[in-house]
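Computed from a predicted model, the values in this text were never measured in an experiment. Numbered from 1 within each chain, the chains take letters A, B, ... in sequence-line order.
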Number of protein chains: 2
Amino acid sequence: MKSKILVVDDEPKIVEVVRSYLEAEGYAVIEAFNGRDALSLFEREYPALVILDLMLPDIPGEEVCQRLRRTSRVPIIMLTAKAEEEYVVAGFDLGADDYVTKPFSPRQLMARVEALLRRTTAEAIPLSKLLSYNEGDLVIDCDRHEVRKTGQLVALTPIEYKLLLTFAKYPRKVFTRDELVTLVLGADYEGFDRTIDAHVKNLRQKIESDTKDPKYILTVHGIGYQFGGE
Amino acid sequence: MKSKILVVDDEPKIVEVVRSYLEAEGYAVIEAFNGRDALSLFEREYPALVILDLMLPDIPGEEVCQRLRRTSRVPIIMLTAKAEEEYVVAGFDLGADDYVTKPFSPRQLMARVEALLRRTTAEAIPLSKLLSYNEGDLVIDCDRHEVRKTGQLVALTPIEYKLLLTFAKYPRKVFTRDELVTLVLGADYEGFDRTIDAHVKNLRQKIESDTKDPKYILTVHGIGYQFGGE
DNA sequence: CTTTTTGATGAAGATTTTATGAAGATAAAA
DNA sequence: TTTTATCTTCATAAAATCTTCATCAAAAAG
């Protein structure tokens, strides 16, 4: 389930546009057309993010922002026609996280919403579908389950692929053999941990240019292995 | 002391302008004029925020962003002439936190820097456990099992690493050789305690600027050793 | 100031850990 | 069932690391 977002604007048309875009992205949208409703709705619904117009019929948007900030660190994007530099700076000073001026690009607004939520929900940074290392020397295509070495498709076994992805997900992290066993072979694996060595060997033969001097899967002597791709 | 900010742009003039504004706000500024320098500087200095141009002479800014995101959640503001919607959206998709188009308003940029830092320092999620001594002269990264001396990665053997961590865990505490043997070589160690001396020697050669006058691993004559980092 | 004790250092052999190829075991596909 | 691909284990070779020792330098004691 995706996050709930509060959209506050006195122009119903704007709210409608923003709502449709947000819902297309899977967000739940709640709306307010004035400052008073915005504040009470915020109290009741705890949205994950607020998109706030500055020109509201009752309370000025600036004050709404300030009041929200008294009790909450909710991400706030100001969406307004006031484009002058002093307003922008003032908006940030009031505690806004972003400031978008009308007329605005809905797609760009969506991108900003996602960026802000990504930052605040503190989720792990999602891996992009296409991971590329050393200017395309090694490419992992997560969607297609494909790995290419200097453009050539290499056939990885299921375990090799999983091992590579585990490494790629946490570059530079040092994994002990036990960790790798748990992550790649499963928590209930009974066998012994040196099996990982064999898989590392096979994987290296497929993706390293020189197995004697590996660039991707590095040995951490006495501990385990580490992914060192750039 | 305010945060350290990395500014990356191939136009020295832009870097100069941004630097002057940032310094006026009290930030420490480090600069890079190409992607390669940006990445190595980032690794070395761990800045609190990155301002990144997209058009760089060597590696495209997009790739720099992606690479940073593989290992770090550092806030990234893209500062670029590419104003088209698709570029903006793509920039956010790569993991940028904000996107500012040239020509830009320095004051507005400052406001965005502050907003982002306000947001991220509030989270204060340490990415990896870093122990730093003498203003970054010696840095221990526990997750990555990495030790850096003046930014340079030093390769420690398992025992050296464990020894260093044992010291670092209790700065100023004086350890007898027997204690170190038990903690580092194991309670069931049979050998003799002067082995520790050899490991201390090797460790000193890797992390001390002057082994004749050690700053970190100090000898306590007649007793043992002590870690003297700040 | 000399003697005695303790620490520092370089090098060699011993030990531990990792790499690798191959064989048997297991699982999946035909 | 047969065939094929994959996984696990094992034995051995190779590499990295650890321990010890002999020697020299430094500190404490007499």
Separation of atom CD1 in Ile217(A) from atom P in dA19(C), rounded to whole Å: 11 Å
Whether Arg148(A) side chain and Gly136(A) backbone form a donor-acceptor pair below 3.5 Å: no
Gap between atoms CD and C1', on Glu208(A) and dA19(C) respectively (whole Å): 14 Å
Residues Asp93(B) and Arg69(B) bridged, charged N to O under 4.0 Å: no
Terminal axis angle for the helix from dC1(C)-dG30(D) to dA30(C)-dT1(D), five pairs an end, nearest 10 degrees: 40°
Test item: Leu156(A) and Lys206(A) side chains (from C-beta on) under 4.5 Å apart, heavy atoms: yes
Side chains of Ile14(B) and Leu79(B) in contact at under 4.5 Å (non-hydrogen atoms): yes
Main-chain N/O of Ile207(B) paired to Lys149(B) side chain as donor or acceptor, under 3.5 Å: yes
Plane angle bin for Tyr170(A) and Phe175(A) - parallel if under 30°, tilted between 30 and 60°, otherwise perpendicular: perpendicular
Side-chain N,O (Gln205(B)) to OP1/OP2 (dG10(C)) below 4.0 Å: yes
Under-4.0 Å side-chain N/O to phosphate OP1/OP2 contact, Tyr225(A) with dT17(C): no
Expected output: side-chain Arg118(B) to main-chain Phe92(A) donor-acceptor under 3.5 Å: yes
Between dA19(C) (P) and Leu218(A) (CG): distance, integer Å: 11 Å
Nucleotides 14-23 of chain D: protein proximity per nucleotide (B base, S sugar-phosphate only, - neither; heavy atom, under 4.0 Å): --SSSSB---
Parallel, tilted or perpendicular: ring planes of His145(B) versus Tyr161(B), cut at 30 and 60 degrees: parallel
Euclidean distance, atom CG of residue Asp197(A) to atom P of dT17(C) [Å, nearest integer]: 12 Å
